[in-house]
Amino acid sequence: MRKGIPIVAAMAAAGVMSFWGRNRFHADSRPVAQPATQAADASTRPSIPGKTPIPFADARPVLDAHRNDLPPDLKGKAPRELESAWLAWVARHDAAIRARLAEGDEDSLVNLWLYGTTFTTLPRATEQHMASLKTRAMAEELLLRRLDDLVAGLAAPGGNERLQFGRLLVERQAIDPTTEAGQEQTRIYLVTARERAITALARYRRAAESAKRPGQAGAELPAYATMYHDRGLSSDTKLTADFALDKAIEAIRGNGTLAPQTVRRVAIVGPGLDFTDKAEGYDFYPQQTIQPFAFVDSLTRLGLARPEELRVTTLDLSPRVNRHLAAARQRAMAGEPYVIQLPLANDDPKHQWDPALVGYWQRFGDRIGEDVAPIPPPAVAGGVRVRAVRVRPAVTLSIAPQDLDIIVERLEPLRDEERFDLIVATNVLVYYDAFDQALALANVARMLRPGGYFITNYAVSPLPPLEASASIVTPVFFDRQGNGDTLFCYRRR
């Protein structure tokens with residue numbers, strides 16, 4: 001039986017009840033910059049070079065450019081000392097970055113508590129629904145009852161892969177959710193995780209507000225570029241990011257610097273896994289990745305690539321993401337298609353979707369597969385339209401996952417014909433400070449061919465050979481409320 005009073009008290013103290021009213025910072029509401037300028041026979045695994053730490057010789061320009069904001073254990077060292085300490089520091093930093101995955105996984109589990117529908121028949125605790133409740137007590141009761149249902153689901157996850165993963169996270173805390181004491185500990189663990197998330201989100205919101213400069217449109221964009229440098233690394237993915245990426249690729253095509261059907265090798269940093277995202281995501285379908293398939297679809301539709309020649313390498317440090325993609329490849333080898341579910345909320349007062357986004361949603365996948373009947377959403381999911389696309393196995397086989405920490409690692413050695421035409425990192429670099437970003441950009445530049453593009457949705461400051469100023473800036477709006485994103489395309493000289 002739930003011991004309600006301690007949990008309610010903990011939730012109130014933690015600020016969990018701050019769902020009451022608008023208090024979350026939405027990445028989608030970042031200011032949109034104004035433009036500065038206007039898969040094949042793949043029966044075998046695509047060849048991927050090995051990975052190697054960034055060498056000191058390539059890091060030296062970054063260290064020089066950021067001498068005033070180096071990490072404490074590098075600051076103040078002479079060049080010889082830096083070179084001697086470099087590889088040991090890289091190893092420690094890689095371990096520290098990978099440790100941030102645990103906090104991101106906790107955030108995903110908290111989002112499942114709020115928005116999941118596979119373990120409960122209760123309404124989702126979305127901002128809209130919580131605001132519709134008449135009293136704070138009703139909101140508290142809904143959160144507590146959903147928490148009880150989630151804890152019960154973690155105790156007996158069955159075949160639910162999200163609950164299985166949540167069970168693993170709880171057990172890593174030395175908690176047994178099958179016992180009464182363990183279930184109480186699980187509640188406290190989740191409430192504490194939500195407390196941390198709320199505190200962090202409030203801090204990010206304050207930073208976003210303080211970055212705004214009256215009368216200087218877009219002046220706050222650099223501040224957004226490192227907004228989440230101390231946040232856990234989660235694997236969220238959203239269709240809106242792929243729509244923005246589609247518009248950026250269209251802008252590159254219009255620029256005329258990539259000839260038709262010449263893109264053959266691309267890399268995606270942080271492809272993402274659809275668990276239950278922080279923007280009120282869904283869980284009524286299996287976990288899936290979207291961006292690798294979306295990228296192939298867009299490149300083919302825009303005439304920049306032939307699917308039979310295209311090879312996609314995903315670069316991610318999450319074992320969960322890499323295992324998912326490796327398993328998809330194994331199934332594709334047996335002739336099994338990859339099915340993508342595409343939900344689009346249609347009753348969200350925050351979003352009156354832009355017709356261009358709806359058009360993208362409607363045509364998504366027509367170059368890589370075919371429409372199939374989607375998984376019907378449960379009634380408690382609210383108003384949501386769903387499409388589903390069955391992707392051809394050959395497309396899945398053209399995608400190869402690689403464990404790699406883009407901050408301190410790169411694929412090496414690369415022959416000229418193995419370098420990438422395009423490298424993409426959406427909602428990735430924002431999780432790192434300027435020094436880490438500069439290291440990542442050095443790795444990206446090393447893996448790009450001359451004339452190739454790096455595409456990201458945050459303004460960054462690359463060093464040569466990447467062009468120091470964005471070659472193409474593409475503002476994209478998702479809805480009629482003005483929420484959107486800005487894609488920056490940097491070209492390697």
Novice: Determine the minimum heavy-atom distance between Gly166 and Leu109, stating which atoms define it.
Specialist: CA-CD1, 3.9 Å

Novice: Salt bridge or not between Lys51 and Asp405? Use side-chain N to carboxylate O under 4.0 Å.
Specialist: no

Novice: What's the verdict on side-chain contact (heavy atoms from CB on, under 4.5 Å) for Arg410 and Thr52, showing C-alpha distance, side-chain angles and the deciding distance?
Specialist: CA-CA 6 Å; Arg410 82 259 302 257; Thr52 186; 3.8 Å; yes

Novice: Please name the residue in the list Asp485, Thr226, Asn427, Thr426 that meets the side-chain contact (heavy atoms from CB on, under 4.5 Å) test with Tyr458.
Specialist: Asn427

Novice: Find out whether Ile455 and Ile252 are in side-chain contact, i.e. whether some heavy atom of one side chain is under 4.5 Å from a heavy atom of the other.
Specialist: yes

Novice: Between Arg480 and Trp353, which heavy-atom pair has the shortest distance, and what is it?
Specialist: NE-O, 4.2 Å

Novice: Are Asp366 and Arg301 ion-paired here, with the side-chain N under 4.0 Å from a carboxylate O?
Specialist: yes

Novice: Heavy-atom distance under 4.5 Å between the side chains of Ile375 and Val386, does that happen here?
Specialist: no

Novice: Would you compute the distance between atom CG of Leu422 and atom CD1 of Ile249 and round it to the nearest 0.5 angstrom?
Specialist: 7.0 Å

Novice: When rounded to the nearest 0.5 angstrom, what distance separates CD in Gln164 from CG in Leu168?
Specialist: 10.0 Å

Novice: I'd like to know whether Asp283 forms a side-chain hydrogen bond (donor to acceptor under 3.5 Å, both in side chains) with Thr276, so could you lay out the CA-CA distance, the side-chain angles of the two residues, the decisive distance to 0.1 Å, and finally the verdict.
Specialist: CA-CA 6 Å; Asp283 73 324; Thr276 308; 5.1 Å; no

Novice: Where do Ala244 and Leu487 come nearest, in terms of heavy atoms and distance?
Specialist: CB-CD2, 3.2 Å

Novice: Go through it in stages, so that I can follow the logic: the residues are Phe165 and Asp105, the test is side-chain contact (heavy atoms from CB on, under 4.5 Å), and I'd like the CA-CA distance, side-chain angles, deciding distance and then a yes or no.
Specialist: CA-CA 9 Å; Phe165 182 70; Asp105 289 339; 3.5 Å; yes

Novice: Give a yes/no verdict on a cation-pi contact between Arg492 and Phe420, requiring under 6.0 Å between NZ or CZ and the six-membered ring centre and an angle within 45° of the axis.
Specialist: no

Novice: Would you check if Tyr282 and Pro377 make a side-chain contact, meaning some heavy-atom pair closer than 4.5 Å?
Specialist: no

Novice: Please check: side-chain N/O of Asn322 versus main-chain N/O of Asp316, any donor-acceptor pairing under 3.5 Å?
Specialist: yes

Novice: Write down the atom of Glu106, the atom of Ala193, and the distance for their closest heavy-atom approach.
Specialist: OE1-CB, 4.0 Å

Novice: Output the distance between atom OH (Tyr453) and atom OG1 (Thr257), rounded to the nearest 0.5 Å.
Specialist: 2.5 Å

Novice: If you define the side chain from C-beta out and look only at heavy atoms, does anything of Gln341 sit under 4.5 Å from Gln288?
Specialist: yes

Novice: Does this structure show an ion pair linking Asp371 with Arg387, if we count only N-O contacts that are shorter than 4.0 Å?
Specialist: yes

Novice: Any donor and acceptor pair, going by atom type alone, linking the side chain of Asp479 with main-chain N or O of Gly482 inside 3.5 Å?
Specialist: yes

Novice: Can you tell me which residue among Arg311, Arg392, Glu309, Arg329 is in a side-chain contact (heavy atoms from CB on, under 4.5 Å) with Ser398?
Specialist: Arg311

Novice: With no hydrogens and no angle check, just 3.5 Å: does a side-chain donor-acceptor pair link Arg320 and Ser235?
Specialist: yes

Novice: Between the main-chain N or O of Gln352 and the side-chain N or O of Gln481, is there a donor-acceptor pair closer than 3.5 Å?
Specialist: yes

Novice: Within the 4.5 Å heavy-atom criterion, are Thr289 and Tyr338 side-chain neighbours or not?
Specialist: yes

Novice: Spell out, as yes or no, whether a donor-acceptor pair under 3.5 Å connects the side chain of Arg265 to the backbone of Glu418.
Specialist: yes

Novice: Within 45 degrees of the ring normal and closer than 6.0 Å to the centroid, is that where the cationic atom of Arg100 sits relative to Tyr431?
Specialist: no

Novice: Donor-acceptor check, side chain of Gln437 to backbone of Val460, threshold 3.5 angstrom: yes or no?
Specialist: no

Novice: When the ring planes of Tyr360 and Phe364 are compared, do they come out parallel, tilted or perpendicular, using 30° and 60° as the limits?
Specialist: perpendicular

Novice: Of all the heavy-atom pairs spanning Asp58 and Ala442, show the shortest one and how long it is.
Specialist: O-CB, 4.5 Å

Novice: Quick check: closest heavy atoms across Met447 and Leu411, and the distance to 0.1 Å?
Specialist: SD-N, 3.3 Å

Novice: Report yes or no: does Glu280 contribute a side-chain atom to a donor-acceptor pair with the main-chain N or O of Glu127 at less than 3.5 Å?
Specialist: yes

Novice: Using modelled atom types only, decide if a donor and an acceptor are shared between the side chain of Gln291 and the backbone of Ile268 within a distance under 3.5 Å.
Specialist: no

Novice: Quick one: CG on Leu344 to CH2 on Trp361, what's the gap to the nearest 0.5 Å?
Specialist: 5.5 Å

Novice: Examine distances only and state if a side-chain atom of Asp246 and a backbone atom of Asp242 form a donor-acceptor pair shorter than 3.5 Å.
Specialist: no

Novice: Can you tell me if Ser234 and Asp107 form a side-chain donor-acceptor pair at under 3.5 Å?
Specialist: no

Novice: Is there side-chain contact between Leu154 and Phe119, with heavy atoms separated by less than 4.5 Å?
Specialist: no

Novice: Using a 3.5 Å distance criterion without hydrogens, assess whether the side chain of Arg390 forms a donor-acceptor pair with backbone atoms of Ala373.
Specialist: no

Novice: Passes side-chain contact (heavy atoms from CB on, under 4.5 Å), Thr126 versus Tyr115? Steps please.
Specialist: CA-CA 7 Å; Thr126 64; Tyr115 311 131; 4.2 Å; yes

Novice: Can we say Arg98 and Glu409 salt-bridge, meaning some charged N sits less than 4.0 Å from an Asp/Glu carboxylate O?
Specialist: yes

Novice: Using modelled atom types and a 3.5 Å cut-off, is there a donor and acceptor pairing between side-chain atoms of Asp416 and backbone atoms of Arg449?
Specialist: no

Novice: Are the side chains of Arg146 and Leu150 in contact, using a 4.5 Å heavy-atom criterion?
Specialist: no

Novice: Might you work through the side-chain hydrogen bond (donor to acceptor under 3.5 Å, both in side chains) test for Asp277 and Thr237, ending with a clear yes or no?
Specialist: CA-CA 7 Å; Asp277 71 48; Thr237 185; over 6 Å; no

Novice: Under 4.5 Å between any side-chain heavy atoms of Asp274 and Tyr285, yes or no?
Specialist: yes

Novice: In sequence, state the C-alpha distance, the side-chain angles, and the governing distance for Leu122 and Val380, and then conclude on side-chain contact (heavy atoms from CB on, under 4.5 Å).
Specialist: CA-CA 7 Å; Leu122 294 169; Val380 292; over 6 Å; no

